[in-house]
Amino acid sequence: MLNYEVALTQFELFVLILMRLASFVSVAPFFNTTGTPIKVKVGFSFALTMLVYSMHTDMNVEYTGVIGFAAVAIKEVIVGLILGMITSFCVQIIMFSGKIIDMDIGISMAQIYDPTTRMQVGIMGNFYYYILMLLLILSGMHRYLVAAIVETFNVIPIGGVKFGGTILTTVVRFMTDYFVIGFRIALPVFSATLMLNCILAILAKIAPQMNMFVVGMQLKLIVGILIIFFTISMMPAVSTFIFEEIKTVMSALVRGMS
């Protein structure tokens, strides 16, 4: 009877660890795409759980009854979802910038279906997104995400999470930075098209017989592509900045929940 109770306690601890890791893997970047098979996600979460469980053999959790265990399990799922979603939002900044660029150069209606996210996305947003993901993979962001979620068990023990006002403040500050960073990435194309619009407005007054609508659509597209061609070398700096933003936001959230 004693051995059975000990085994059951360890199994419950294993399940709670799996709850946090599986919820994080299901929404975190690199792992949340439909191109990643569900079996791979489950197997990866299970392997991480075995690793974390072997590292924290002395970890214990206190609860009362089935309801108490369910409450602890829900808390662990929320922790994984919050950390995974905020990192995913950091990567989605580039999609927001791509939508701004699409509207500026006049191709916002040209939407394509992205099978990895099952969403209708813009051409430039998708283009920037895959370049950013490639650069983040080269910089080792996937390794950082795995190391970060494993490290959270040292700061936030099982059942020891605390949801306070610091989390809301961090999320609100991040959403503010989300729009600022996204607009900064799209600023070169936005500035060029704004100057082009001013020039076209002057030409429309000087030569009203010209059809500026037809001329403007072609010029915006050409100027936008040229600006993108000359500014694409800034993407490594953008990926580094977003990587640092992910580290900052995750650290702030973990401190707020510890």
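By the 4.5 Å heavy-atom criterion applied to side chains, Leu81 and Phe24 are not counted as neighbours. For the pair Tyr53 and Leu18, the minimum side-chain heavy-atom distance is 4.5 Å or more. Between Phe14 and Met50 there is a side-chain heavy-atom pair separated by less than 4.5 Å. Looking only at side-chain heavy atoms (C-beta outward), Phe153 and Leu21 come within less than 4.5 Å of each other. Contact check for Leu135 versus Met141: no side-chain heavy atoms found under the 4.5 Å cut-off.
Ser139 contributes a side-chain N or O that, together with a main-chain N or O of Leu136, makes up a donor-acceptor pair within less than 3.5 Å.
Among pairs with a residue in residues 68-107, those fulfilling ring-ring contact (aromatic ring centres under 6.0 Å, His included) read Tyr63-Phe69, Phe96-Tyr178, Phe96-Phe179, at least two apart in sequence or across chains. Among residues at least two apart or in separate chains, salt bridge (charged side-chain N to carboxylate O under 4.0 Å, His left out) pairs with a member in residues 17-39 are Arg20-Glu76. Listed by first then second residue, pairs satisfying salt bridge (charged side-chain N to carboxylate O under 4.0 Å, His left out) with a partner in residues 227-239 number zero, not counting sequence neighbours. Pairs passing the side chain to side chain donor-acceptor pair (under 3.5 Å) check and including a residue from residues 40-50, sequence neighbours excluded, do not occur.
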Query raised in the report: Going through the distances and angles, do Gln92 and Tyr129 end up as a side chain to side chain contact (heavy atoms under 4.5 Å, CB included)?
Result: CA-CA 8 Å; Gln92 292 297 322; Tyr129 176 76; 4.1 Å; yes
Query - Verdict with supporting geometry, Leu48 and Phe44, side chain to side chain contact (heavy atoms under 4.5 Å, CB included) - result: CA-CA 6 Å; Leu48 279 180; Phe44 184 67; 3.5 Å; yes
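The structure places SG of Cys90 at 8.0 Å from CD1 of Ile242, a figure rounded to the nearest 0.5 Å. In this structure, CE in Met133 is found 11.5 Å from CG in Leu138, a value given to the nearest 0.5 Å.
Other residues sharing a hydrophobic cluster with Leu168 under the 4.5 Å side-chain heavy-atom criterion for ILVMFWY residues are Val172. Residues Val42 make up the rest of the hydrophobic cluster containing Ile38, defined by ILVMFWY side-chain heavy atoms closer than 4.5 Å, directly or through other members. Taking Ile, Leu, Val, Met, Phe, Trp and Tyr as hydrophobic and joining them when side-chain heavy atoms fall under 4.5 Å apart, one finds Ile206 in a cluster with Ile202.
Judged as a side chain to side chain donor-acceptor pair (under 3.5 Å), and not counting sequence neighbours, the contacts of Glu151 are Asn154. Considering only residues two or more places apart in sequence or on other chains, Thr170 meets the side chain to side chain donor-acceptor pair (under 3.5 Å) condition with none of them. For the side chain to side chain contact (heavy atoms under 4.5 Å, CB included) test, residues two or more places apart in sequence or in another chain that qualify with Lys247 are Tyr144, Phe243, Glu244.
Note on Ile100 and Tyr130: same hydrophobic cluster, where clusters join Ile, Leu, Val, Met, Phe, Trp and Tyr whose side-chain heavy atoms are under 4.5 Å apart, directly or indirectly. At a threshold of 4.5 Å between side-chain heavy atoms, the hydrophobic network of Ile, Leu, Val, Met, Phe, Trp and Tyr places Val27 and Val40 in two separate groups. With hydrophobic clusters built from ILVMFWY side chains whose heavy atoms lie under 4.5 angstrom apart, Ile137 shares a cluster with Ile93. Under the 4.5 Å side-chain heavy-atom criterion for ILVMFWY residues, a single connected hydrophobic cluster contains both Met19 and Phe11.
Nearest heavy-atom pair across Thr87 and Pro29 is OG1-CD, 3.3 Å. Contact between Ser26 and Ser23 at its shortest, heavy atoms only, is OG-O, 2.7 Å. Of all heavy-atom pairs spanning Ile101 and Tyr128, the tightest one is CD1-CE1, 3.4 Å.
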Could you go through residues 226-239 and list every donor-acceptor pair under 3.5 Å that involves a side-chain atom there, pairing it with any protein atom two or more places apart or in another chain?
| residue | atom | partner | partner atom | Å |
| --- | --- | --- | --- | --- |
| Thr231 | OG1 | Ile227 | O | 2.7 |
| Ser239 | OG | Met235 | O | 3.4 |
| Ser239 | OG | Pro236 | O | 2.7 |

What donor-acceptor contacts under 3.5 angstrom involve side-chain atoms of residues 184-201, with partners at least two apart or in another chain?
| residue | atom | partner | partner atom | Å |
| --- | --- | --- | --- | --- |
| Ser191 | OG | Leu187 | O | 2.9 |
| Thr193 | OG1 | Val189 | O | 2.9 |
| Thr193 | OG1 | Phe190 | O | 2.9 |
| Asn197 | OD1 | Lys220 | NZ | 3.3 |
| Asn197 | ND2 | Thr193 | O | 3.2 |

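Enclosure of atom CD1 in Ile67 is not indicated, since only 12 or fewer non-hydrogen atoms of other residues, nucleotides or ligands lie within 6.0 angstrom.
A side chain to side chain contact (heavy atoms under 4.5 Å, CB included) with Met257 is found for one member of Ile156, Ile78, Thr152 and no other, namely Ile156.
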